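Note sheet for the following structure.
So you know, we letter chains A, B, ... as the sequences are listed, proteins then strands, and number each from 1. In this text, all values refer to a predicted model and were calculated from it rather than measured experimentally.
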2 protein chains.
Amino acid sequence: MDNLKDILNFDSNAKPTSFKKGTIIQRAGEITSLAYYVKKGLLRSYTIDDKGKEHVFMFASEGWIIADLESQEFNRPTELFIDCIENSEILIFDRKSVVNLNLSNEQLLDYNRLLTRRIAVLQKRVIMLMSASAQNRYNFFLEMYPDIPNRVPQRMIASYLGITPQALSTIRAKIVKKYSS
Amino acid sequence: MDNLKDILNFDSNAKPTSFKKGTIIQRAGEITSLAYYVKKGLLRSYTIDDKGKEHVFMFASEGWIIADLESQEFNRPTELFIDCIENSEILIFDRKSVVNLNLSNEQLLDYNRLLTRRIAVLQKRVIMLMSASAQNRYNFFLEMYPDIPNRVPQRMIASYLGITPQALSTIRAKIVKKYSS
DNA sequence: CCTGTGCATTCATCTAGATTAATAAATTCA
DNA sequence: TGAATTTATTAATCTAGATGAATGCACAGG
């Protein structure tokens, strides 16, 4: 069991909230302790910097959970927007209430493992951002999240990788050329 | 209580291991589930890329814990070196044994909070790497870890920020110039 | 069924930061 | 203590990827 839904005792009949593609669920500046479990569909979280440029922090497809742990942990207004890339069904829960769920030791250990895994993923991401070329980061992304590229516009993948859509386009052109020669 | 040592029931009289400055405690390629609690001194973890270049992943001073959660979580040989920037006293423990400690629910929740905090820090780091200039990253680093810069050589700070020592030197020169004009 | 708005791509140009190299200052250690 | 090895700094050049602009496409909404 490494599914947050099970760990947190979600009622499997709990009514998910439906959101249409494009809906912004959370806006930077809000103070919230909500988290979003994706039952169906695809969400993304992102910041907008002072030049108005978007930076995708993460994608969340079925079974994933998405939230701004950073601002929640330090009780600050969130810096992350969260919106729907597809029509989605979401279970919304309050992270504060997790303490009151009276989870078993086993569940807590599982929850723990999940958090550790998240740390592992972020560790990898930091190291990649520091040491790998855009080209390598893209290849790694394709391997790591093979289902995402087909569901997400290029510009968002570029943003996740920390490059411009133009740069990603060039990288892709190079790859095509390589395989057709 | 947000100190791993307390949470994990460390015997406060437990004998720490002493390491001399420069000692490499862990090498890339090893398979291990060890973690290092810094009782005194300063450690760092880093990768070495295929061009032989070091990339500092994190620093750990007193009270911090350092380990390669990524490779441990996925049972792969570690990619991180860990070494001592100062003479250090370290409590070594096996992350696998945490499950057997029979921690109370409260301790597990605390441990949870600690992991969440770590996620928060990494989230911030990823966003900074994607969206902020070297200049801004350096300023943020100084604010966030005011004690580290005095204990760590410039080149390692540069490496942590994802830039070359030369670039950091230039940034610092600019700052000095700004304040002296 | 159009029509407009956003998206992907290509190309020309620009720039933050890398690389290389040379010098001076600080540390290490025999 | 003094030679050898790191480290920090400055400056000249180079480059990955950014920026800006133009073109053709896709498709969302009237």
Should the pair Y46(A) and F81(A) be assigned to parallel (<30°), tilted (30 to 60°) or perpendicular (>60°) ring geometry? parallel
Kindly state which residues belonging to residues 160-171 of chain B come within less than 4.0 angstrom of DNA chain C, counting heavy atoms of the residue only, listed by number. G162(B), I163(B), T164(B), Q166(B), A167(B)
Which residues within residues 147-157 of chain B lie with some heavy atom under 4.0 Å of an atom in DNA chain D? P153(B), Q154(B), R155(B)
In residues 43-57 of chain B, what residues come within less than 4.0 Å of DNA chain C, judged by heavy atoms? K53(B)
Using side-chain heavy atoms (C-beta onward) and a distance below 4.5 Å, is E54(A) in contact with R155(A)? yes
What I want to find out is whether R76(A) reaches E70(A) closely enough, with some N-O distance under 4.0 Å, to be called a salt bridge. yes
N/O-N/O pairs, protein side and nucleotides 26-30 of chain D side, under 3.5 Å:
none

If Ile, Leu, Val, Met, Phe, Trp and Tyr residues are connected whenever their side-chain heavy atoms lie under 4.5 Å apart, and connections chain through other members, are I119(B) and F74(A) in the same group? no
Show me the donor-acceptor pairs, under 3.5 Å and distance only, between side chains in residues 17-24 of chain A and residues at least two apart or in other chains.
{"residue": "T23(A)", "atom": "OG1", "partner": "K20(A)", "partner atom": "N", "Å": "3.3"}
{"residue": "T23(A)", "atom": "OG1", "partner": "K20(A)", "partner atom": "O", "Å": "2.5"}

Which residues share a side-chain contact (heavy atoms from CB on, under 4.5 Å) with V152(B), sequence neighbours left out: L42(B), F59(B), I85(B), I148(B), M156(B), I157(B)
Can you tell me if S88(B) uses its side chain to pair, donor with acceptor, with the backbone of I90(B) under 3.5 Å? no
Using C1' atoms of five pairs at each end, report the bend of the helix from dC1(C)-dG30(D) to dA30(C)-dT1(D) rounded to 10 degrees. 50°
Applying side-chain contact (heavy atoms from CB on, under 4.5 Å), name anything that partners R95(A), two or more places apart in sequence or on another chain. A35(A), L69(A), Q72(A), E73(A), F93(A), Y111(A), T116(B)
Ring of Y160(B), cation from R125(B) - is the NZ or CZ under 6.0 Å from the centre and inside 45° of the axis? yes
For L109(B), what residues pass the side-chain contact (heavy atoms from CB on, under 4.5 Å) criterion, not counting sequence neighbours? V99(A), L108(A)
With sequence neighbours left out, write down each residue that passes side-chain contact (heavy atoms from CB on, under 4.5 Å) with Q166(B), or none if nothing qualifies. T164(B)
Quick one: are Y138(B) and R172(B) in side-chain contact, heavy atoms under 4.5 Å? yes
Contact residues, residues 123-139 of chain B to DNA chain D [heavy atom, < 4.0 Å]: none
At a heavy-atom distance below 4.0 Å, which nucleotide of DNA chain C is the first touched by chain B, and which is the last? dG17(C) to dT28(C)
Salt bridge or not for R151(A) and E62(A), using N-O below 4.0 Å? yes
